[in-house]
Amino acid sequence: MTYFPIRPFWNDEWRLIYNLKFKNVSQLWGTLDLLQQCPRFYLTALKGFTSWFDYSYTSLRLPSLLIGMATIPFCFYLRKKIFPDSPLFSYLFILILVSSQTFTDYLVQVKHYNMEIFLCLLALWQFVTLLELGHDEKVNKSNYGLLCFSFLVAPFFSYTYPIVIAPVIAIVILKAIISYKNKQQNKAQLVVQLLPLVIVAASIVIFYFIDVRQLLSDNRMYQSYLKMLGNEKGETHFMADFWNLFALLGSGFVYEIIFGITGIAAFIYGIYRLAASRKRTFTQQDYFKLYAILLVVLTITLIFSGKLLGGVARLTAFTIPSISILIISFFEDMRVKYHYIKPVNSFAAVLFIGLFGNIFTTCIHTFAKEDYNNRITTYWNTSEALKQARLNKIPILFTDGVKGYKINQDAPAPGKISINTITPEQIRGADDLCSEVVLKVNPEFKTWDSVKVYLMPDTKWTNEYINQLPTSVTKVLVGDGTSFRLVSR
């Protein structure tokens with residue numbers, strides 16, 4: 001899907017690619033066009049990579065795939081760290097994430113959501129490393145340097161990283177202070193453990209002022225999301241968002257119900273176990289459960305306060321590992337502590353089967369959607385038309401069909417052709433994206449040798465529209481996306 005152009009771009013990708021292609025680096029640090037937001041350091045890095053390869057299909061698809069592929073072995077590594085004594089159920093930690101809607105849908109998309117997932121795993125690795133620092137008398141300098149560097153850089157590549165690292169900061173500071181008061185750590189060890197937190201706090205503050213402030217002030221995008229969710233009044237429904245936070249780990253009606261009930265039960269049980277615990281010392285497993293609970297509580301608080309939009313899987317995907325930790329811990333307790341061995345094993349088997357199945361069915365559904373054939377045919381033919389138009393120095397006369405959707409061709413009378421349809425309203429973020437954007441973000445539309453493009457209302461009155469072209473135009477490629485033909489005047 002990254003080398004062969006078999007997955008056409010879509011609405012959100014069209015909008016982000018437009019910014020990549022037609023804004024320079026300094027402009028990317030300002031307000032983005034077409035109702036888009038993306039961490040600016042990530043966007044700048046993406047701009048550098050894709051521009052080097054002339055915004056080719058592969059260069060646009062590859063970064064997200066590489067991040068996704070790096071996420072999988074990272075999951076295996078963290079599974080061993082977090083669940084050293086749970087060899088079977090711990091694989092749910094990997095499967096729940098890899099089969100999640102956000103991971104599978106955005107595996108090769110020109111968006112930053114896979115980076116958000118990768119960095120929520122990085123936060124868990126940082127947590128593990130900080131906990132180990134509290135126990136080790138000697139510090140591995142290379143690992144410590146890598147830890148500090150990751151804290152310095154990570155905030156700039158994710159809008160949700162400050163959320164996932166917040167519980168880490170709280171837990172590690174509290175643990176370090178208690179250990180120091182109990183004389184389990186000296187001042188030098190305390191400084192070594194807290195220095196990375198000072199670095200990440202400074203990075204988050206800088207990130208806020210140079211990037212996050214723009215996101216938080218983008219009310220148009222927030223209202224657009226509410227409208228997309230069918231909420232015309234601009235209101236949020238907290239209970240629905242609370243349910244979706246857990247349910248959207250699953251895919252399909254049945255598994256959404258299963259994960260909704262299981263996730264909420266595991267969350268409530270985790271809080272109960274934490275409140276009922278009388279232990280004065282925590283095991284590493286206890287710290288992970290505490291982290292997961294705090295992150296979910298923080299996320300719910302942000303949703304309730306309106307600071308985070310719930311009900312959209314990709315916007316809360318950073319909670320997937322934490323909810324997975326709670327579910328696995330819940331299963332382990334039900335099996336070991338309460339001896340519900342057969343029911344738990346049977347239920348876990350259902351989850352394993354469903355999660356494996358979801359990975360395969362997602363791949364199948366990607367290419368079996370009702371409109372896929374029309375969209376991919378449109379993409380291929382439009383790409384070829386743009387290439388021929390550029391090589392032969394001729395304009396293109398096109399319809400809204402280049403979006404890959406079927407349009408009405410039964411106009412009772414000819415209309416007017418249009419040029420420069422990317423209006424200020426479009427730039428500010430109109431919900432209905434104009435087809436000129438779709439045409440110009442196609443990899444075959446080159447910024448260094450652009451093609452003149454004209455929009456016509458339909459193909460029924462093609463001859464009338466050709467006559468409206470400038471007299472200097474003697475040849476033109478005419479089409480509706482699915483097909484193009486060369487016409488001479």
Side-chain angles (χ1 to χ4, degrees), residues 70-71 73-86 90 93 117-158 160-207 270 274 277 279-298 318-319 321-322 324-326 328-329:
T71 298
F74 201 11
C75 275
F76 276 91
Y77 171 80
L78 288 172
R79 179 196 70 84
K80 292 182 179 180
K81 286 286 186 179
I82 299 171
F83 303 104
D85 301 321
S86 179
S90 63
F93 179 78
I117 291 175
F118 181 82
L119 290 180
C120 77
L121 294 175
L122 178 68
L124 282 172
W125 172 80
Q126 291 168 331
F127 189 35
V128 171
T129 309
L130 285 170
L131 291 177
E132 291 173 349
L133 278 176
H135 299 134
D136 298 339
E137 293 185 3
K138 291 185 178 181
V139 177
N140 185 308
K141 291 183 179 179
S142 59
N143 284 348
Y144 188 72
L146 180 61
L147 176 68
C148 290
F149 179 75
S150 70
F151 273 127
L152 177 68
V153 173
F156 298 99
F157 287 84
S158 167
T160 60
Y161 176 81
I163 301 174
V164 297
I165 205 63
V168 173
I169 295 173
I171 294 171
V172 172
I173 289 177
L174 185 61
K175 179 178 181 296
I177 291 174
I178 293 173
S179 297
Y180 179 69
K181 285 186 175 181
N182 293 336
K183 297 183 179 181
Q184 295 172 338
Q185 284 184 336
N186 56 38
K187 286 185 178 180
Q189 290 174 315
L190 185 67
V191 170
V192 166
Q193 196 170 22
L194 296 184
L195 178 60
L197 301 184
V198 175
I199 294 172
V200 73
S203 291
I204 290 172
V205 170
I206 296 170
F207 180 53
L274 184 66
S277 176
K279 293 189 296 184
R280 292 186 177 181
T281 58
F282 272 24
T283 64
Q284 186 156 299
Q285 187 75 21
D286 292 328
Y287 280 116
F288 284 121
K289 286 187 280 189
L290 175 60
Y291 167 81
I293 290 169
L294 290 178
L295 179 59
V296 174
V297 169
L298 177 58
F318 61 89
T319 62
S322 292
S324 300
I325 290 171
L326 294 176
I328 295 166
S329 300

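Annotation: side chain to side chain donor-acceptor pair (under 3.5 Å) contacts involving residues 160-174, sequence neighbours excluded, comprise Glu116-Thr160, Gln126-Tyr161, Ser158-Thr160.
Taking the six-membered ring where the residue is Trp, Phe156 and Phe207 present perpendicular rings, their angle passing 60° and hence far from 30°.
Counting only heavy atoms from C-beta outward, the side chains of Phe127 and Ile165 never approach each other to under 4.5 Å. At a threshold of 4.5 Å between non-hydrogen side-chain atoms, the residues Tyr77 and Leu121 do not count as touching. Leu130 is not listed as a side-chain neighbour of Tyr287, based on a closest heavy-atom distance of 4.5 Å or more. Side-chain contact between Ile293 and Leu274 is present, with heavy atoms from C-beta onward closer than 4.5 Å. Residues Ile82 and Ser90 are not in side-chain contact: their nearest non-hydrogen atoms beyond the backbone lie 4.5 Å or more apart. The closest side-chain heavy-atom distance from Asp286 to Thr283 is below 4.5 Å. In this structure the side chain of Gln285 reaches within 4.5 angstrom of the side chain of Ser329, judged on heavy atoms.
In this structure, CG on Leu294 lies 12.5 Å from CD1 on Ile169, to the nearest 0.5 angstrom. Distance check: Ile177 CD1 to Gln193 CD gives 10.5 Å after rounding to the nearest 0.5 Å. A distance of 8.5 Å separates NZ in Lys81 from CZ in Phe288, rounded to the nearest 0.5 Å. Leu290 contributes atom CG, which lies 4.0 Å from atom CD1 of Ile171 (distance to the nearest 0.5 angstrom). Taken from CZ in Phe74 to CG in Leu124, the straight-line distance is 8.0 Å, to the nearest 0.5 Å. One distance of note links CD1 of Ile204 with CD1 of Ile206; it measures 10.5 Å at 0.5 Å rounding.
Under the 3.5 Å distance criterion, the side-chain polar atoms of Ser324 are left unmatched by any main-chain donor or acceptor of Phe93. For Ser150 (side chain) and Leu147 (main-chain N/O), a donor-acceptor pair under 3.5 Å exists by modelled atom type.
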Point to revise | Criterion side-chain contact (heavy atoms from CB on, under 4.5 Å) on Ile117 and Phe318, from CA distance to verdict | key: CA-CA 6 Å; Ile117 291 175; Phe318 61 89; over 6 Å; no

Review point. Between Ser322 and Tyr291, is a side-chain contact (heavy atoms from CB on, under 4.5 Å) present by the stated rule, with each step listed?
Key: CA-CA 8 Å; Ser322 292; Tyr291 167 81; 3.5 Å; yes

Check your understanding: Where do Thr129 and Tyr144 land on the side-chain contact (heavy atoms from CB on, under 4.5 Å) test, with the steps shown first?
Key -> CA-CA 8 Å; Thr129 309; Tyr144 188 72; over 6 Å; no

Exercise for review: Step by step, work out the side-chain contact (heavy atoms from CB on, under 4.5 Å) result for Lys175 and Leu131.
Suggested key: CA-CA 9 Å; Lys175 179 178 181 296; Leu131 291 177; 3.8 Å; yes

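Nearest heavy-atom pair, Leu119 versus Ala154, reported as atom, atom and distance to 0.1 Å: CD1-O, 3.7 Å. Smallest separation of non-hydrogen atoms from Ala123 and Val168: O-CG2, 4.1 Å.
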